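Beneath this line is the structure, given in structure tokens, with notes to follow.
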Amino acid sequence: MISMPIGYGKSYFDPKVNWCLYTEPDPNTGNRTHYWPRGKILGGSSAINAMVIMRGLSRDFTDWAQKLGTEWRAEYLLQDFATVSKQFSFATFPEAMHPMCTDFFDACSSHKIPKVADLNDTEVASVGYYPLAIHKGKRVSTATAYLDPIRARKNLTILCATKASKICFDDQQCATAVETCHAKRGTECFTARAEILLCGGSIHSPLLLEASGIGAPKHLQQCGIAPVVHNDHVGAHLQDHLGASHYYASNQATLNDALGTWYGKVRAALEYVLFRRGALSLSLNHAGGYATLHPDSQHPDTQLYFSPMQFSNAPDGTRPKVAAQSRNGFQLGFNIARPTSEGSVHLTPEGTAEIHPNYLDTTYDAEMAVLGSRFMQSLSQHPAFADTITARIEPTKLFETDAEILQDFRGRCGTVYHPCGTVRMAQSPEDGVVDPKFRVFGTKGLRIIDASVFPTIPSANLSAVVMMVAEKASRLIKS
Ligand SMILES: Cc1cc2nc3c(=O)[nH]c(=O)nc-3n(C[C@H](O)[C@H](O)[C@H](O)COP(=O)(O)OP(=O)(O)OC[C@H]3O[C@@H](n4cnc5c(N)ncnc54)[C@H](O)[C@@H]3O)c2cc1C
């Protein structure tokens, strides 16, 4: 279920490979608790994600460079994307994608959003087939691309099912060791000869810092942790892509035919086992891209998705999300590309994560939610889709007013699984937690390299950007 691409529907709720986190009730989204899956396996979330590989827009990195200095110039990061592309296989599969993608492209083109061949070579509103981290019918993760080729190295030891519980510091705030716990081996301590690199992701990296005494005194005190370095930014500035899908029943056979019926499942399983082809060898995100919807936007501000399948409409967390229904359907989805709301994540005295996404906290985000939802409505009314749609499943009708639209969005929106920024990078400890060389302010010998260091959320899915940033970090450390 990890290696078979569509298996992410199963790993989505599997605690063996997934941290299965829940947020606190979120006031602006109907006081709902949101389910936040995170990979708990080699490869992290790249082993359970939807495999879309998008490098973001250069304006994302120009903004980073303004905050971080010339070493972070956009063109350098884009070169890092080229380096990632050599090690990490991804591709588009136009011939394998559902024919209804063409309807999606037609509907977008009527909004002056053209189809392009490569969504990683565009800076403007455009759509296309999504580049996917799939090679020969199998998922490519950071574990398969980066770890597998070097597993035999003598200077590499991989300890699975081993949780880092604390980073230990000497009295000069130099990180000297990592304390770990394992169900059978118990607590162990590993001494660092050079440096410690923390790559726990946007939820767990700040938690481990707090568990180690780095953070805001009030949060450390609540957990009875002795402070080592005071930094109020630890766990703050949490950003995430928030989106919503619109579901439709269709008179054309979609992936529901392949994955929602017993005969379809048998056919798909045979096709996959024999040829590594078919519905099981793909992501559900067949096409998508960028739109520019806000009248004041100079750049794309919305990410789009077309998925030729209708999932279960069950509330978050009650049953597997990617449970195909037998009725043919599809979904149009969007998320705000650069939301401005910020939430937080902190350690609780019980050692768990207290996550406040604080979605839709800004007027801009609420406006974008309305614009994105209106755009979904408009696409669905385009002749390309109008003949195909037999019923509106969710929402059940077209809304007229902004208030109705926002109410629907508040009630149905959810994470697109891209938390970041919780130990953000900045030029000084007054603004962030790590410096532009990934070093934790106020400490020696400790760097953080994952999505938690992003100064701001990029305009597209995060995993390619995580790898670009990691390439940069590895070059920097080696030099
Ligand atoms: C369901 C889902 C779908 C997604 N779809 C896409 C997509 O299509 N395209 C895309 O680009 N992005 C997608 N993402 C997001 C993307 O996968 C993540 O943003 C990215 O993998 C984050 O990388 P990271 O290195 O910051 O953290 P992670 O990949 O989460 O890695 C963190 C690692 O640290 C480990 N860890 C944490 N705490 C500890 C500890 N205390 N001790 C030991 N190990 C620890 C974790 O187990 C994990 O292996 C999706 C994510 C999910 C969950």
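None of the values given here were measured: they were computed from a predicted structure. Here, residue 1 is the first one in the sequence, and each next residue gets the next number. In listed order, ligands and their atoms are each counted from 1.
- Put simply, atom 44 (N) of ligand 1 has no protein non-hydrogen atoms near it, under 4.0 Å away.
- Close approach to A50 involves these atoms of ligand 1, each under 4.0 Å from a residue heavy atom: 3 (C), 4 (C), 5 (N), 6 (C), 7 (C), 8 (O).
- Taking all heavy atoms of D450, T162, N285, I48 into account, the minimum distance to atom 1 (C) of ligand 1 is reached by I48.
- For atom 48 (C) of ligand 1, the closest heavy atom belonging to the protein is G39 O, 3.3 Å.
- In terms of protein heavy-atom proximity, atom 15 (C) of ligand 1 is closest to Y417 O, 3.3 Å.
- Ring geometry for H219 against H346 counts as parallel: the plane angle stays under 30°, on a 0 to 90° scale with 60° as the upper cut.
- Taking distance alone, with nitrogen or oxygen atoms compared against 3.5 Å, M51 approaches ligand 1 more closely than that limit.
- Those atoms of ligand 1 that come under 4.0 Å of a heavy atom in G44, given as number and element, are 29 (O), 31 (O), 48 (C), 49 (O).
- The closest approach between V416 and ligand 1 stays at or above 4.0 Å for every heavy atom of the residue.
- The side-chain tip of R412 does not point at the ring of F409 from less than 6.0 angstrom away and within 45° of straight on.
- The distance from ligand 1 to the heavy atoms of C199 drops below 4.0 Å at these ligand atoms: 32 (C), 33 (C), 34 (O).
- Close contacts between ligand 1 and R38 involve ligand atoms 51 (C), 53 (C) [criterion: under 4.0 Å to a heavy atom].
- With a 4.0 Å heavy-atom cut-off, ligand 1 is reached by the side chain of H418 but not by its N, CA, C or O.
- If you check which protein heavy atom lies closest to atom 27 (O) of ligand 1, you get G201 CA, 3.4 Å.
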